[in-house]
Amino acid sequence: MALLTVSKVEKSFNQNKVLKKIDFQISKGEVIVIIGPSGSGKTTFISSLNFLNKADSGKMTFKDKQINLASPKKDDVLWVRRHIAMVFQNYNLFKNKTAVENITEGLIYGRGLSKEAAFKKAVQELKKVGLEEKKDYYPSQLSGGQKQRIGIARATALQPDIILFDEPTSALDPELVGTVVRDMDKLAQQGQTMIIVTHLMSFARKVATKVLFFDDGQILESGSPDQIFEHPQNKRTQAFLSAIAEDR
Amino acid sequence: MDFHFMVQSLPQLISVVPVTLYISVIAIIIGFIFAALIAIIREKNIKILSPICAFVVSFVRGTPIIVQLYVVYYGLPQFLYFLENSGVNVRPNSLPQIFIAIFAYSINASANLSESIRSAYHSVDHNQYLAALSVGMKPSTGIRRIVIPQLVPNLIPNFSNFFLDLIKDTALVYNIGIVEIMGKSNIIASFGFKYLETYLDALFLYLVICFFFGKILQITESVVRKRVFNKKSRPSRGYEPIRERKVKVEGE
Ligand SMILES: Nc1ncnc2c1ncn2[C@@H]1O[C@H](COP(=O)(O)OP(=O)(O)O)[C@@H](O)[C@H]1O
Ligand SMILES: [Mg+2]
């Protein structure tokens, strides 16, 4: 039984068709990795799942509730966002909040926890990513890697059904990538359902239950990591993977 | 130069400083409230109201304040007579000049500050708002808790500039018979034929007032900025390398 299904998702910016009738589904516990060239619509697609981007058409079924992607009810949007968290490429930590407040904001104002409960939970989450002693630091005082791990803590604290990751390591200095990857890996081990857009191919191979190759607003190919990385069928997939390999 | 005269007439001028301050402060408060409303209407792009606000704002910003003052001076009483004749008891005869000045300067402040508020709003990274939505905040909560606190420090410098302009612009209200710093100067100057001395006094008073408010608002800005972002001063304009990296593989 799929946890989340979307069908025929379409989106254009002006005349530019960015998503072309995408069908997608994910079940509980799956880790789906999306790869593909930049500009192919990966960000637009995953952010249409929590309505940060509104699709032009398409249908969603999430936890057995049907929602029209183009004209969702306000309450449905809020409900979905309270069950699907997101980790951003540029962290997007709240600049006017400390590390711990970055986590409590969502717990208090999204989940309705009391301040005390939220604070306790937030400190726990910071502990998990080893940043408890940074709890009173502002984002401007943290490194990129620390920011992103707090970004991940902010998402996991909400205990969402699904976490969306949009290139979570792309803005990081190379030496900081490892720590963030370890946090995501741990989450995968714990059975967290995740959708991850990434260029880290070895990481993708390790955590993915399924890999999707995105190109020009479509899913050109999908399969197990083995199928996609060892035996890609589509020429575009092959070209993309070998270009990436050269870049190494 | 008659320094003795300058010193002697200064207290007389100081005695009307409250009039200048009264007009400026009341106008900026009223103006700010309406400016916030206009900014919300325009940013939310509310039907019918938004284009009307846009028109009024560009109209007010595109005309001299002295002309606006005259239009209100001659127009407002007529409007009130019209209301009176339609049966509303507004007593247009008892309309004080100072009320007219405050009315005109409030309109001017609304228009100008609405633009300042909008530009401060746009200075906040839109992703901050999206992040607020992503953790399940309602849009209004995200604006209140994340966007507004971040826009305030960026609003204060423009607010300060405008407020100082407003104080200086009140030097025009003597034209409708209000005796504030400028009005009083005219009276004193022509009485003793000591024009230069009197106007130097006036200059000095405006300078002190503007310096005082400028400093207060500058301190407010840095205190607020520090409270919001925990940073000492405005974001540095120094060199910050833009990091663009294509593909990196874990463990490299
Ligand atoms: N807000 C926007 N306005 C106009 N065009 C956009 C906007 N967001 C994305 N696009 C365009 O949509 C296409 C896909 O973008 P995106 O989803 O960010 O791709 P990816 O994440 O795969 O790099 C790109 O051509 C991009 O220029
Ligand atoms: Mg992207």
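A note on names: the letters A, B, ... follow the listed sequences, proteins ahead of strands, and every chain is numbered from 1. Being a predicted model, the structure only gives us computed values, none of them experimental.
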Exercise for the section: Classify the angle between the aromatic ring planes of B:Phe163 and B:Phe159 as parallel (below 30°), tilted (30 to 60°) or perpendicular (above 60°). Expected result: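 If you compare the ring of B:Phe163 with that of B:Phe159, the planes turn out parallel.
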Handout entry: Sub-6.0 Å ring centroid separation between A:Tyr138 and B:Phe229
Key =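 Ring-ring flag for A:Tyr138/B:Phe229: false, centres at least 6.0 Å apart.
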Counting heavy-atom pairs closer than 4.5 Å to chain B, which one of [options] comes out on top?
options                               : value
A:Glu105, A:Gln141, A:Met86, A:Arg111 : A:Glu105
A:Leu93, A:Asn50, A:Thr198, A:Ile84   : A:Leu93
A:Ala157, A:Ser47, A:Gly110           : A:Gly110

Proximal component of [X], with respect to chain B [non-hydrogen, under 4.5 Å]:
X        : value
A:Tyr109 : both
A:Asn92  : both
A:Ile108 : neither
A:Leu158 : side chain
A:Leu164 : neither

Exercise for the section: Determine, step by step, whether A:Lys63 and A:Asp161 satisfy the salt bridge (Lys or Arg N to Asp or Glu O under 4.0 Å) criterion, reporting the C-alpha distance in whole Å, the side-chain angles of both residues, the deciding distance to 0.1 Å, and the verdict. Expected result: CA-CA 9 Å; A:Lys63 300 180 110 182; A:Asp161 292 297; 3.0 Å; yes
Lys/Arg N to Asp/Glu carboxylate O, [X] vs [Y], below 4.0 Å:
X        : Y        : value
A:Arg182 : A:Asp185 : no
A:Lys121 : A:Glu125 : yes
B:Arg42  : B:Glu115 : yes

Exercise for the section: Check the surroundings of atom CZ in A:Arg205: do more than 12 heavy atoms from other residues, nucleotides or ligands lie under 6.0 Å from it? Expected result: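 More than 12 within 6.0 Å, yes.
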Practice task
Please look at B:Ser134 and chain A and tell me whether the side chain, the backbone, both or neither of the residue comes under 4.5 angstrom of a heavy atom of that chain.
Solution key: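 B:Ser134 touches chain A through backbone and side-chain heavy atoms alike.
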